[in-house]
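Below is one structure, written out as structure tokens; the observations come after it.
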Amino acid sequence: MTQDVKISCRNLWKIFGPDPTGFLAQHANAPSDEALKAEGYVGAVRDVSFDVATGEILIIMGLSGSGKSTLIRCLSRLNDPTSGAVDFEGRDILRLSASELIEVRRHRMGMVFQHFGLLPHRNVLSNVAFPLEVRGMSRRERETRAREMIRLVGLEGREGYFPRELSGGQQQRVGIARSLAVAPEVW
């Protein structure tokens, strides 16, 4: 039995430098490490291909600076790839309009940022409820859902704390709770 492919990534490149698209074309979409270095480019994501089926877990591992976060940012188009294709449920995410991309991010994908992206002027409850507020959910509904997620990540009793009053691990759990609050299909 084959599973439906949720995300398909083909020959994805993200190169940083003065003219990454031109550089990639000049090297027939396969620049060597030496060419990247000699011409002052950084190949953050290099010819990455994979599929993730519905219900499957994909783990991206690597050393610090190896491009893991950049790859994830390309999949969600927080960074536009230099070259390649990313399909989300059969749709080319690189061709989505700004409004379509916002809808995918708000309703279909959940993300926890490396530095958590917590809003310093909002307490834990408000940080977790924030994406639900953006969706237009009523205050009562979003706070109920946020409290459930806060309990899930083990921060019950800290709803009124601000990010500066939490440890790094607690801040990370607030970010996880906020991401889970929207019940994303892809996380």
Side-chain angles (χ1 to χ4, degrees), residues 6-7 9 12 14-16 42-45 48 50 52 54-82 86 88-89 93-94 96-187:
K6 196 70 154 174
I7 299 173
C9 179
L12 199 66
K14 179 61 180 176
I15 298 176
F16 293 99
V42 175
V45 176
V48 174
F50 60 84
V52 182
T54 301
E56 185 175 22
I57 296 173
L58 171 72
I59 298 172
I60 300 169
M61 294 176 56
L63 297 173
S64 178
S66 65
K68 303 175 301 291
S69 294
T70 303
L71 173 59
I72 296 300
R73 289 166 101 39
C74 286
L75 296 178
S76 62
R77 270 196 58 207
L78 291 173
N79 283 0
D80 282 326
T82 305
V86 178
F88 179 69
E89 298 178 329
I93 200 163
L94 304 179
L96 295 181
S97 68
S99 61
E100 290 171 317
L101 191 55
I102 287 169
E103 282 304 303
V104 167
R105 288 179 186 152
R106 279 189 188 162
H107 300 284
R108 313 296 292 283
M109 286 184 175
M111 294 174 267
V112 179
F113 295 96
Q114 193 166 7
H115 297 288
F116 324 124
L118 301 181
L119 302 169
H121 61 285
R122 288 182 175 242
N123 63 26
V124 169
L125 181 64
S126 182
N127 262 289
V128 174
F130 180 69
L132 303 173
E133 180 181 338
V134 170
R135 277 189 178 177
M137 187 180 280
S138 76
R139 182 176 183 160
R140 189 174 136 252
E141 288 177 303
R142 70 179 178 254
E143 287 187 359
T144 297
R145 176 72 178 164
R147 288 180 195 284
E148 290 171 8
M149 295 303 100
I150 290 167
R151 188 172 28 262
L152 180 68
V153 299
L155 289 176
E156 193 169 26
R158 292 194 167 68
E159 293 85 352
Y161 286 46
F162 287 88
R164 68 182 175 279
E165 299 172 311
L166 302 172
S167 71
Q170 289 170 328
Q171 290 177 32
Q172 185 175 39
R173 286 187 277 160
V174 173
I176 291 168
R178 181 178 54 200
S179 179
L180 290 173
V182 299
E185 292 176 32
V186 172
W187 191 58

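Computed over heavy atoms, backbone and side chain alike; hydrogens, waters and symmetry mates excluded.
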Starting at [atom1] of [X], measure out to [atom2] of [Y] and round the result to the nearest 0.5 Å.
X      : Y      : atom1 : atom2 : result
Leu58  : Ile7   : CG    : CD1   : 8.0 Å
Ser126 : His121 : OG    : NE2   : 7.0 Å
Leu71  : Ile60  : CG    : CD1   : 4.5 Å
Leu125 : Met149 : CG    : CE    : 12.5 Å

**Prompt:** Cut-off 3.5 Å, side chains only: do Thr144 and Glu141 have a donor facing an acceptor?
**Reply:**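 Side chains of Thr144 and Glu141: no pair found under 3.5 Å.
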Taking C-beta and beyond as the side chain, do [X] and [Y] meet within less than 4.5 Å on heavy atoms?
X      : Y      : result
Arg164 : Pro120 : no
Leu12  : Cys74  : yes
Val42  : Ile15  : no
Glu159 : Asn123 : no
Pro81  : Val45  : no
Phe16  : Thr70  : yes
Ile102 : Val104 : no

**Heavy-atom closest contact (Leu75 atom, Ile93 atom, distance)** =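 Shortest heavy-atom contact: O-CD1, 3.5 Å.
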Could you tell me whether [X] and [Y] have a side-chain N and a carboxylate O separated by less than 4.0 Å?
X      : Y      : value
Arg145 : Glu148 : yes
Lys6   : Glu56  : no
Arg139 : Glu143 : yes
Arg122 : Glu133 : yes

Looking only at atom types and distance, does a side-chain atom of [X] sit under 3.5 Å from a main-chain N or O of [Y], one as donor and one as acceptor?
X      : Y      : answer
Arg135 : Val182 : yes
Arg77  : Leu96  : yes
Lys68  : Gly62  : yes
Arg158 : Val124 : no

**Request:** Please determine which of Gln172, Arg173, Gln170 meets the side-chain contact (heavy atoms from CB on, under 4.5 Å) test together with Val153.
**Result:**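 For Val153, the side-chain contact (heavy atoms from CB on, under 4.5 Å) test succeeds with only one of Gln172, Arg173, Gln170, which is Arg173.
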**Request:** Using side-chain contact (heavy atoms from CB on, under 4.5 Å) as the criterion, point out the one residue from Leu132, Val134, Asn127 that pairs with Phe130.
**Result:**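 That would be Val134.
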**Message:** Does Arg108 form a salt bridge (charged side-chain N to carboxylate O under 4.0 Å, His left out) with Glu89? I'd like the steps, not just the answer.
**Reply:** CA-CA 10 Å; Arg108 313 296 292 283; Glu89 298 178 329; 2.4 Å; yes
